[in-house]
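Residue numbers start from 1 in every chain, and the chains themselves are labelled A, B, ... in the order their sequence lines are given, proteins ahead of strands.
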Number of protein chains: 2
Amino acid sequence: MATIEDVARRAGVSQSTVSYALSGKRPISAATRTRIEKAIAELGYRAHAGARALASARTDVIGLMAPLRTGVDVNVIMQFVAGVVTGAGRAGYDVLMLTQDEGSLARVTSSSMVDALVVMDVEDDDARLPALQALRQPSVLIGLPADPHGLSCVDLDFTQAGASAVRRLLAAGHRTVALIGSPREVVDRHTSYAERMTRGFVGACEAGGATHLVLPTPASAAGAVASVDTLLAQLPDVTGVVVHNEVALPHVISRFRERGRDVPGEVSVVAVCPENVATSLPVPVTSIDIPAEGIGQIAVDMLTALMRDPSMAEVRLVSPRLTERGSVRDLG
Amino acid sequence: MATIEDVARRAGVSQSTVSYALSGKRPISAATRTRIEKAIAELGYRAHAGARALASARTDVIGLMAPLRTGVDVNVIMQFVAGVVTGAGRAGYDVLMLTQDEGSLARVTSSSMVDALVVMDVEDDDARLPALQALRQPSVLIGLPADPHGLSCVDLDFTQAGASAVRRLLAAGHRTVALIGSPREVVDRHTSYAERMTRGFVGACEAGGATHLVLPTPASAAGAVASVDTLLAQLPDVTGVVVHNEVALPHVISRFRERGRDVPGEVSVVAVCPENVATSLPVPVTSIDIPAEGIGQIAVDMLTALMRDPSMAEVRLVSPRLTERGSVRDLG
DNA sequence: ATGAAAGCGCTAACAT
DNA sequence: ATGTTAGCGCTTTCAT
């Protein structure tokens, strides 16, 4: 591999001139610049990442802690990851994937492998928060812990999403509604989005005087079927459901039909899921989009802002947008 | 951040002694080792990754090129990624995520950001192969190109999987069968697994004298419905289908039922998909497992072997294993 | 506008 | 068993 010294020699300039030509931190005459570029092209030169990191104290790599456990909304996670990788690429960063375990955070930060961190799957009272706050490197959470003090966070405003879904049903005259939500484990861990979704749902139901039920639901066909059956047993008059569980969604709809309740004839459905999920079902479903890829990109934007100015911490909650697709029936 | 020099000073030894204590490349007396460990713990020392990479010419990072396009079997991809990350972690490596674009491969390798590469979503005549062969760093493909000469590859033996699925149906007396396969784009790109799957399917059909049809199918409910309808129109006598499209699978089954063909009463189904997909459907489906996570780990094992000895290139095709779950009816 | 040279924090000869 | 020291390939401060 060619080094910067090889380039300098070939271009007949000094190392530092090559370095400055590359970084643009110093004016370089057109003639010199041309010779340097030529030498770089001829040698196929690329700066050694380690040497650069050592000298400049930056790696141009950001760490991404994503929950890799299979089965749990992988689709959504993948879209977040895609957004982060895309946004990072655009901003000139590479992405180091980190597993959930406690150690990797300390390892990659204290060995200076990454300049910054994006953390997913945030819990209400997340064990990683103190560590993140103490870090030299800035971080952005995708999710919203109970106390986001001093941390940068971005997410869909799930509280509003839950409330908005309910209000849509209430406006159509529904008075008995249910939330088919995230799996029990996710809820029990007080995962931030599940917590907020439930709060928004329940709050709007209470405000609107609607009879309601929240059903944590496994991400499987069997789980979806069981939840629908439980729901029909406990709340036989149910006419509206909010589904925040993309794996269960198709099975929820078909189970209602198997049980003789047509969607949207007898039961109206509002889903909270990525758009491509809502549109690729046999029946298009009215939904509130989870703009996962966009949020991933915003996370990177916030990170680059933080690296420029560490005082820029902020919480950004993306407002939910409901798209009608005809799965809600007006009882008026 | 503490440096190795801080540790050395605190432990009253030289830098190199600390380095050797850390790497284990030299015998260190128990007493010295203890003092060094104490100093390291007290200072919270961690070697600077860049400095280490510069001096040792290795990064302990492997690059992972995964197709991040959403919608295409994300579940499966995620499982492969999880396997690679898990395997890498166990072997002491971190994972740098790379997008599909041509440039990133050259960039991370020639700037020495990674020691090795895992490449997914391999096409029959993949454009990246020449570049990979020319690389200083070893690489392992997940998939099998038409000419794997000199490259290390690992994948499920999809040819055998296709053949084996067909033979299961033939053995049960089925004579008219279809393959509900990967999306058209995937097939058109000559993606390695789709290509081999089709070959195995068609080969076994021809060998067994079965009437057959191959239907590339979009990864959506609508696509699944359309494929089933096309199939029933073109091959009304069909009694057995092989489904190699995990998104379509549930919709294929429900569409058959909507069209009055019970599964497995009238139509038998063999799926080729990860086990958790086959078991989480309303009806458990007889399937050939895609051991994605395991293959991801094997890829890393092969990579570490290659780094030890670059002549260890090999092709490993994992034999398919069919698990009965009752979705195939014996016509005997 | 350009060059010389001092590090950045490690590893691995080369000592003893 | 341990210490000394020469790089690894960059960035950046001084110089000019």
Whole Å only: how far is the [atom1] atom of [X] from the [atom2] atom of [N]?
X      : N       : atom1 : atom2 : result
H48(B) : dC8(D)  : NE2   : C1'   : 14 Å
I28(A) : dT12(D) : CD1   : P     : 14 Å
L54(B) : dT11(C) : CG    : C1'   : 10 Å
R33(A) : dA1(C)  : CZ    : C1'   : 12 Å
I36(A) : dT2(C)  : CD1   : P     : 8 Å
R35(B) : dG3(D)  : CZ    : C1'   : 13 Å
K25(A) : dT2(C)  : NZ    : C1'   : 18 Å
L43(B) : dG9(C)  : CG    : P     : 14 Å

D147(A), CG atom: more than 12 neighbouring heavy atoms under 6.0 Å: yes

Is it the case that atom CG in D188(B) sees more than 12 heavy atoms from other parts of the structure closer than 6.0 Å? yes

Check every atom of dT11(D), dG3(C), dA1(C) against the side chain of A55(A) and return the nucleotide holding the closest atom. dT11(D)

Shortest side-chain distance from S14(A), nucleotide among dG9(D), dG3(D), dA4(C): dA4(C)

Without hydrogens or angle criteria, can the side chains of [X] and [Y] be said to hold a donor-acceptor pair below 3.5 Å?
X       : Y       : answer
D124(A) : S192(A) : no
E195(A) : H190(A) : yes
T32(A)  : S29(A)  : yes

Salt-bridge test for R196(A) and D155(A): reply yes if a basic N is under 4.0 Å from a carboxylate O, no otherwise. yes

Ion pair E185(B)/R189(B), N-O distance below 4.0 Å: no

Between CD1 of I62(B) and CG of L96(B), what distance do you get to the nearest 0.5 Å? 10.0 Å

Among residues 2-11 of chain B, which contact DNA chain C at a heavy-atom distance under 4.0 Å? T3(B), I4(B)

Any side-chain N or O of [X] below 4.0 angstrom from OP1/OP2 of [N]?
X      : N       : value
R52(A) : dG9(D)  : no
S29(B) : dT2(D)  : yes
S56(A) : dT12(D) : no
S19(A) : dT11(D) : yes
T32(B) : dT2(D)  : yes

Give a yes or no on whether a donor-acceptor pair under 3.5 Å exists between the nucleobase atoms of dA4(C), that is its base, and the side chain of S16(A). yes

Measure all distances between protein nitrogen or oxygen atoms and nitrogen or oxygen atoms of nucleotides 14-16 of chain C, and list the pairs falling under 3.5 Å.
residue : atom : partner : partner atom : Å
dC14(C) : N4   : R26(B)  : NH2          : 3.1

Any donor-acceptor N/O pair, T17(A) side chain to V13(A) backbone, under 3.5 Å: no

Any pair counted as side-chain hydrogen bond (donor to acceptor under 3.5 Å, both in side chains), so long as it reaches residues 127-139 of chain A, sequence neighbours left out: D126(A)-R128(A)

